Amino acid sequence: MSAGASNPEYVNARVRSRRASLFSDEDYRKLIRMGPSEIARFMEETEYEREINELGARFSGVDLIEYALNRNLAKHFEDLIDWADGRLYDLIARYLRKFDVWNLKTIIRGIYTDTAPDDIRTDLIRAGELEERTIDRLLETDDIEDAIEVLYGTIYYEPLTVAYEEFEETGALVPLENALDREFYENLLADVSGGPGNEPQEGPEAKYIEFLQAEIDFRNARNALRLARSGADLDPATYYIDGGVLFDESELSRLVGDYDALVDHIAENRRYGDRLSEALGRLREADSLIQFEHALDAALLEYADTLSSIYPASVSAVLSYILAKEREVENIRAIARGREVGLDENEIEEELVIL
Amino acid sequence: MTEIALTELPAFVETASIALQNNGSAAMGPEAAQNMADGYGAAAAGIAVGLAALAAGYAERGIGAAAVGAIAEDDDMFVPGLIMTVLPETLVILALVVVFILG
């Protein structure tokens, strides 16, 4: 009961209340019929009011919606990090570092293309763990090496320094971005799981790990399917993320060459096979990969929802909220972008992930 | 916790009085022995109420935290939050009954 003890009760109460204000299916049905400016007006009457008002003078149309969504997302996730203490903080921050990675990538790309700091700033989603000050200092730097120096003391410093050498040789940003992604995924499971076969067997943390493994597995599956589909001559091992249960590295390299075997491998997996069977069926009929990726997203979301009802006062409910919120933001963005380019309602509906 | 304290109490008082009968009869008169037994009874009641209060406090810790969280999101939750928070106090009230039984 020290000051550093985790406080799942408090965070859960707040998170559940915020979860209740997410858009419902009904809202989505309304949104699908609206144009970008109508969507913005609709959002103004909901919980995005403040962001829309703040940004309304500077942006319009789809940009306004997009920036408002990002800012709102950042606000909520920042709150989560503020509220949580102790172990709970650790577990939440671990997942939200994904936004740090996103921000760092954006900044590096911005520096690479000589974009003005203010323009980069609007594209950031300040929901991660990196401090405001660090990000401001990053924005002031003009070359990537200096930016990496600013990160000294964070977990990203070392992998970036290693990747920087490769970047200098090739001039491509890919090694830097891969290093960031890899660092994020490797840190996801660090310290919680005692390695394969040695994870906690029950309780909320076991479920949390199961969820993270699913996230890693799906990421691997997605990469593998894309590689197999495109037939690109890339070494799958560079994109392989360790820690999942679906593939090991050699399996993945072998399966990428054979598309059908890859799909079979996913279908035979005990943990995911049943849950994804419908989507896999569609994938076999050589339908679009996007549909399958949406099915993966939906499976993750459903997974997190189940978790939150098994262990009500734990990190699971928070995680499930994070996913639901991300999904909402992505759905609204898909609707707005879809309307902008003139897709019809059915096409947009296919792009949405609604449970 | 009240239950344990309640069920153990008679045994506790009994051992106390047996001890008094065996060793105390030579050293102190019946009045002193009675006083001592009363003292043990009071101490037992004190422990019972104390433990119950501790348990109630522990239970209220989680509920209170959740209630404050709910109130922060929605002011209307103040009254339900308050009621939920003090519910475990019933434990202490039940434990107070012990004081009257022993008194």
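These figures come from a predicted structure and were not determined experimentally. Here is the naming used below: chain letters follow the sequence lines, and residue numbers restart at 1 for every chain.
Separating the CZ atom in A:R14 from the CG atom in B:D74 is a distance of 11.0 Å, to the nearest 0.5 Å. With values rounded to the nearest 0.5 angstrom, B:R61 atom CZ is found 8.5 Å from A:N7 atom CG.
Not counting sequence neighbours, the partners of A:M34 by the side-chain contact (heavy atoms from CB on, under 4.5 Å) test are A:K30, A:L31, A:E38, A:I39, A:F42.
What you find for A:A13 and B:A70 is that their closest heavy atoms are CB-N, 3.8 Å.
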